[in-house]
Each structure stands twice: as C-alpha cells, then as structure tokens.
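Indexing begins at 1, ligand by ligand and atom by atom, following the structure's order. All figures in this text were calculated on a predicted structure; none of them were measured in a lab. Excluded from the calculations below are hydrogen atoms, water molecules and symmetry mates; all remaining heavy atoms, backbone and side chain alike, are included.
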Amino acid sequence: MTPGKKLEGLVAAAITPMTPDGQINLSVIRQYVDYLVREQNVKNIFVNGTTGEGLSLSIQERKQLAEEWVRQGKDKLDHVIIHVGALSLPESQDLARHAAAIGASGIAVIAPFFFKPTNKDELVAFLQKVASEAPGVPFYYYHIPPLTGVKIRVEELLDGIREQIPTFQGVKFSDTDLLDLAQCINKNGSEQFAFLYGVDEQLLGALAVGVNGAVGSTYNYLGRKTKLMLQAFAKPDLALAQKYQFLIGEFLNFVIKLGKLYTALVPFYILKCRLNAPEILLLLYPQNFLPERFHNEKLLLMQFPELIAAGSSKGADQASLREPTVTSFLLLQKEVQSCDSL
Ligand SMILES: CC(=O)N[C@@H]([C@@H](O)[C@H](O)[C@H](O)CO)[C@@H](O)CC(=O)C(=O)O
C-alpha cells in the first residue's frame with residue numbers, strides 16, 4: 001500500500017468470497033488481488049461495502065476479510081479501504097479501531113439506516129464518533145441514499161466537516177444527484193477532498209463535474225475498459241469517452257437486468273474457485289430458487305469472454321445458445337471489446 005497517496009482513479013468494490021458451505025473464503029484473496037492488478041490494472045479496493053455485503057456478515061467475518069485484504073494487498077495495492085459502517089455505534093467503532101490496528105489505508109462509513117439521522121448534526125455526530133476511534137486513518141463518508149434512505153445532502157454535510165472530523169478525506173458518492181455532487185466539488189475543491197463516484201453506469205457525468213475517481217462493483221471486471229474512458233476524458237476526447245460510456249452503459253444495463261448473480265459469479269471463472277456473496281448463497285440453496293440458465297456453466301462462461309480471455313477459449317460456442325438475451329449479451333460484449341481499437 002502507498003501511505004499518503006491520494007485516493008483517486010478506480011477502486012474495485014470487493015465481492016466477498018464464500019465457500020460452498022457458506023464460510024468466507026480467505027484463501028482466494030491473494031489470487032483476487034493479483035487478478036485485479038494484472039488483469040484490470042486496478043490497485044485500490046473497497047472491502048465489506050455493498051458489493052461485498054459487509055452488512056450481512058458478522059463482525060468477526062468483516063475483521064478477518066479486512067485483515068486478509070490488508071495482508072495480501074501490502075506490496076501490491078495502493079489503497080485498501082475498509083467499510084466499517086454498522087447500525088450499532090460500538091460495533092462500528094470496534095471495526096474502525098480494528099482497521100487502524102491492521103494498517104488499512106482508509107475507512108468509510110454509511111449513515112445508520114434503521115433509526116436514521118434526521119439532520120446533518122445527527123449524522124455528523126455518528127460519523128465523528130466512529131472516525132475518532134481511528135485518529136490516524138483517512139475517513140470517507142459513504143453516501144448511498146438509495147439503500148440507506150438517508151438523503152441528507154452531502155453539500156450540507158461537508159460544511160465545516162474538518163472541524164469535527166479532522167481525518168475527513170472525502171466522499172464515496174453513490175447517488176444520481178449530480179447537482180449535490182457538483183456543489184460539493186465546487187465548494188470544497190477536489191484537491192481538498194477526494195470525491196469518488198459510485199454509480200458506474202454514469203461515471204462520465206460525474207467526471208464532468210470533477211470527481212477524482214470511482215468506487216464500484218464493475219471495476220472488478222470492467223476496470224481496463226473504464227480506464228480507457230478515463231483516459232479519453234482526460235485527453236480530452238469527449239466523443240471517445242462518450243462511446244466508452246455508452247457501450248459500458250449498454251453492457252451494464254444488460255447485466256443489471258440479469259441480476260447481481262451474474263456479476264458475482266464472474267470471479268468463479270476468473271479465480272477458478274467458488275466466490276459467492278452471501279446473497280448468492282440464498283439463491284443457490286435450495287437449487288430450485290435458481291433459474292435454469294444459471295445451471296449451465298457453459299452459458300455463463302460465454303457471457304464473460306473478456307474476463308476469462310487469458311483462460312479457456314470455450315466461450316465461442318454460440319451455436320448452442322437458445323436464449324436471445326445471452327446472444328445480445330455476447331454482441332454487446334463484442335462491441336465493448338472492439339472499443340479498444342476506437
Ligand atoms: C448499489 C450498488 O451496489 N452500487 C455499486 C455500483 O458499483 C453498482 O453495482 C453499479 O453502478 C451497477 O449498478 C457501488 O456503488 C457499491 C459499492 O461501491 C460498494 O460495494 O460499496
């Protein structure tokens with residue numbers, strides 16, 4: 001990890017590896033790190049967040065995952081950010097102390113989402129009590145109102161925040177309110193705080209208002225593609241950046257329609273191991289909850305040819321495809337791939 005380096009660029013939101021019997025699978029994290037660095041050129045990770053379903057894990061599991069990511073990321077990753085948010089303040093504080101003790105490069109916290117803060121002061125008070133348990137660790141507010149239901153504007157939250165949380169370093173902004181985001185950046189400057197966007201399918205819009213980077217699930221497997229968009233935007237070649245965004249958007253639209261299961265099964269092929277988020281286990285067991293197409297490994301394999309490019313070439317057998325959705329997916333994949341040569 002690189003202490004002091006500003007958090008920017010792409011941050012992959014880690015999936016939680018699970019064993020078939022529902023235990024967290026720490027043994028594949030080293031492979032996961034190597035895959036991200038080598039195949040996706042992504043050197044930042046966000047652990048125990050939404051994608052990793054940190055809130056569905058026990059405190060002990062969250063700590064074990066954090067430890068393993070920090071250990072395996074030591075000389076390979078720039079940043080290992082641990083989400084330590086919880087409904088219980090003492091648990092969140094415990095996780096923050098733990099993240100500090102193991103040498104995490106940052107911690108992030110969502111707003112409590114059951115008994116919700118009703119105003120900025122209540123929210124800041126909660127965040128402050130967590131951040132102060134890790135006084136040497138950069139702190140990020142994780143704003144995700146579609147899931148927390150806490151809609152306190154970040155612009156308002158940031159007003160005077162450093163006085164109350166000296167370690168405050170930035171915001172992971174997982175919302176579509178670009179007006180709020182733009183005003184945050186306009187008033188605070190992206191030099192002072194890091195603004196990381198969390199709605200992958202519309203990252204280009206957030207780049208236009210000045211974010212420093214992005215945290216998201218899709219950078220696990222579209223990291224390289226998205227970096228091409230970042231490069232085009234920085235050049236600046238807006239038309240090219242738009243082409244990438246449109247194609248990535250189409251691709252994601254399709255993945256989203258298929259459901260999270262598809263995204264979470266991808267690493268099964270990448271890492272050649274079972275890598276299921278907790279929610280996926282609910283879908284897998286009992287088996288009859290699972291739509292028939294998920295049983296067919298071959299179909300799945302074909303849907304992510306880019307991700308397994310270095311692996312087998314089994315992906316090309318379109319003749320056996322019956323589902324029109326899968327065919328369209330493959331066509332989109334092809335388009336996204338051909339984007340490299342735009
Ligand atoms: C609601 C949700 O899961 N949002 C994702 C996005 O990356 C999302 O998967 C993507 O934009 C596709 O919709 C991230 O913002 C979540 C995230 O970074 C995390 O795992 O903490």
Side-chain angles (χ1 to χ4, degrees), residues 7-17 32 36 40 42 44-57 62 65-66 69 79-86 92 95 99 104 106-111 113 140-151 154 170-178 180-181 194-207 211-223 225-226 229 244-267 275-280 304 329 332 336:
L7 182 58
E8 56 190 5
L10 297 185
V11 184
I15 291 159
T16 294
Y32 198 160
L36 284 175
Q40 298 301 333
V42 169
N44 306 306
I45 194 82
F46 189 81
V47 180
N48 291 332
T50 308
T51 305
E53 296 181 51
L55 289 153
S56 308
L57 300 170
R62 290 174 70 172
L65 280 160
W69 275 103
H79 290 274
V80 178
I81 310 295
I82 312 293
H83 173 241
V84 300
S92 195
L95 288 168
I107 55 172
V109 174
I110 53 166
F113 52 89
Y140 300 88
Y141 170 53
Y142 182 176
H143 181 59
I144 184 157
L147 292 184
T148 60
V150 176
K151 300 194 169 105
V154 184
V171 182
K172 170 173 161 17
F173 195 102
S174 286
D175 190 26
T176 52
D177 184 352
L178 290 184
D180 187 20
L181 178 63
F195 291 97
L196 288 314
Y197 197 54
V199 186
D200 312 4
E201 48 279 47
Q202 50 192 62
L203 173 57
L204 186 56
L207 286 173
V211 294
N212 313 80
V215 185
S217 63
T218 63
Y219 312 129
N220 282 295
Y221 55 97
L222 289 180
K225 284 287 179 300
T226 308
M229 184 179 82
Y244 283 122
Q245 182 68 97
F246 295 156
L247 286 171
I248 289 170
E250 242 181 303
F251 180 89
L252 289 185
N253 208 15
F254 193 86
V255 174
I256 290 163
K257 270 190 222 143
L258 293 175
K260 194 174 174 189
L261 185 61
Y262 269 71
T263 300
L265 282 175
V266 170
L275 193 68
N276 300 324
E279 182 189 88
I280 303 312
F304 297 97
F329 187 96
L332 283 174
V336 176

Participant: To the nearest 0.5 Å, what is the distance between CG (Asp177) and NE2 (His143)?
Facilitator: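 Taking CG in Asp177 and NE2 in His143, the distance rounds to 7.0 Å.
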
Participant: Go through the structure and list residues passing side chain to side chain donor-acceptor pair (under 3.5 Å) with Asp180, not counting sequence neighbours.
Facilitator: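 Checked Asp180 against side chain to side chain donor-acceptor pair (under 3.5 Å); zero matches.
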
Participant: Which ligand 1 atoms, with their elements, are less than 4.0 angstrom from a heavy-atom of Val199?
Facilitator: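 Counting from 1, the qualifying ligand atoms are 11 (O).
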
Participant: Taking atom 11 (O) of ligand 1 as the point of reference, which of Glu53, Glu201, His83 owns the nearest heavy atom?
Facilitator: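 Residue with the shortest heavy-atom distance to the ligand atom: Glu201.
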
Participant: If we ignore angles and hydrogens, is there a donor and acceptor under 3.5 Å between the side chains of Thr50 and Tyr142?
Facilitator: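 Result is yes, a qualifying pair exists.
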
Participant: With sequence neighbours left out, write down each residue that passes side-chain contact (heavy atoms from CB on, under 4.5 Å) with Leu178, or none if nothing qualifies.
Facilitator: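 Leu181, Tyr197, Ala206.
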
Participant: Record the part of Ser217 in heavy-atom contact with ligand 1 below 4.0 Å; permitted values are side chain, backbone, both and neither.
Facilitator: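 Contact part for Ser217 vs ligand 1: both backbone and side chain.
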
Participant: So how far is it from Leu36 CG to Asn220 CG, rounded to the nearest 0.5 Å?
Facilitator: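 Those atoms lie 5.5 Å apart.
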
Participant: With heavy-atom distances below 4.0 Å as the criterion, list the atoms of ligand 1 near Val215.
Facilitator: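 Answer for ligand 1: 18 (O).
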
Participant: To the nearest 0.5 Å, how far apart are CG in Leu222 and CG in Asp200?
Facilitator: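 Answer for the CG-CG pair, Leu222 versus Asp200, is 8.5 Å.
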
Participant: Taking distance alone, with no angle check, do Phe46 and ligand 1 share an N/O pair under 3.5 Å?
Facilitator: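 Among all N and O atoms of Phe46, none is under 3.5 Å from an N or O of ligand 1.
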
Participant: Please identify which atoms of ligand 1 are closer than 4.0 Å to at least one heavy atom of Ser174.
Facilitator: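 Contacts of ligand 1 toward Ser174, numbered from 1: 15 (O).
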
Participant: Is a donor on one side and an acceptor on the other found under 3.5 Å between the side chain of Glu53 and the backbone of Asn48?
Facilitator: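 A pair under 3.5 Å: no.
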
Participant: Hey, which atoms in ligand 1 end up nearer than 4.0 Å to a heavy atom of Thr50?
Facilitator: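 Those qualifying, in numeric order: 3 (O), 16 (C), 19 (C), 20 (O), 21 (O).
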
Participant: Quick one: which ligand 1 atoms are inside 4.0 Å of a heavy atom on Gly49?
Facilitator: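 Listed by number with element: 20 (O), 21 (O).
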
Participant: Answer with yes or no whether Lys172 contacts ligand 1, where contact means a heavy atom under 4.0 Å from a ligand atom.
Facilitator: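 Per 4.0 Å heavy-atom rule, Lys172 contacts ligand 1.
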
Participant: Quick one: does Tyr142 get within less than 4.0 Å of ligand 1, heavy atoms only?
Facilitator: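 Contact check Tyr142 vs ligand 1: positive.
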
Participant: Output yes when a side-chain donor or acceptor of Tyr219 lies under 3.5 Å from a complementary backbone atom of Asn44, and no otherwise.
Facilitator: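 No.
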
Participant: Please check whether Thr218 reaches ligand 1 - meaning an N/O of the residue sits under 3.5 Å from an N/O of the ligand, judged on distance alone.
Facilitator: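 Between Thr218 and ligand 1 (N or O atoms, distance only) the closest approach is not under 3.5 Å.
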
Participant: Just jot down the ligand 1 atoms closer than 4.0 angstrom to any heavy atom of Ala13, in number order.
Facilitator: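 Counting from 1, the qualifying ligand atoms are 17 (C), 18 (O), 19 (C), 20 (O).
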
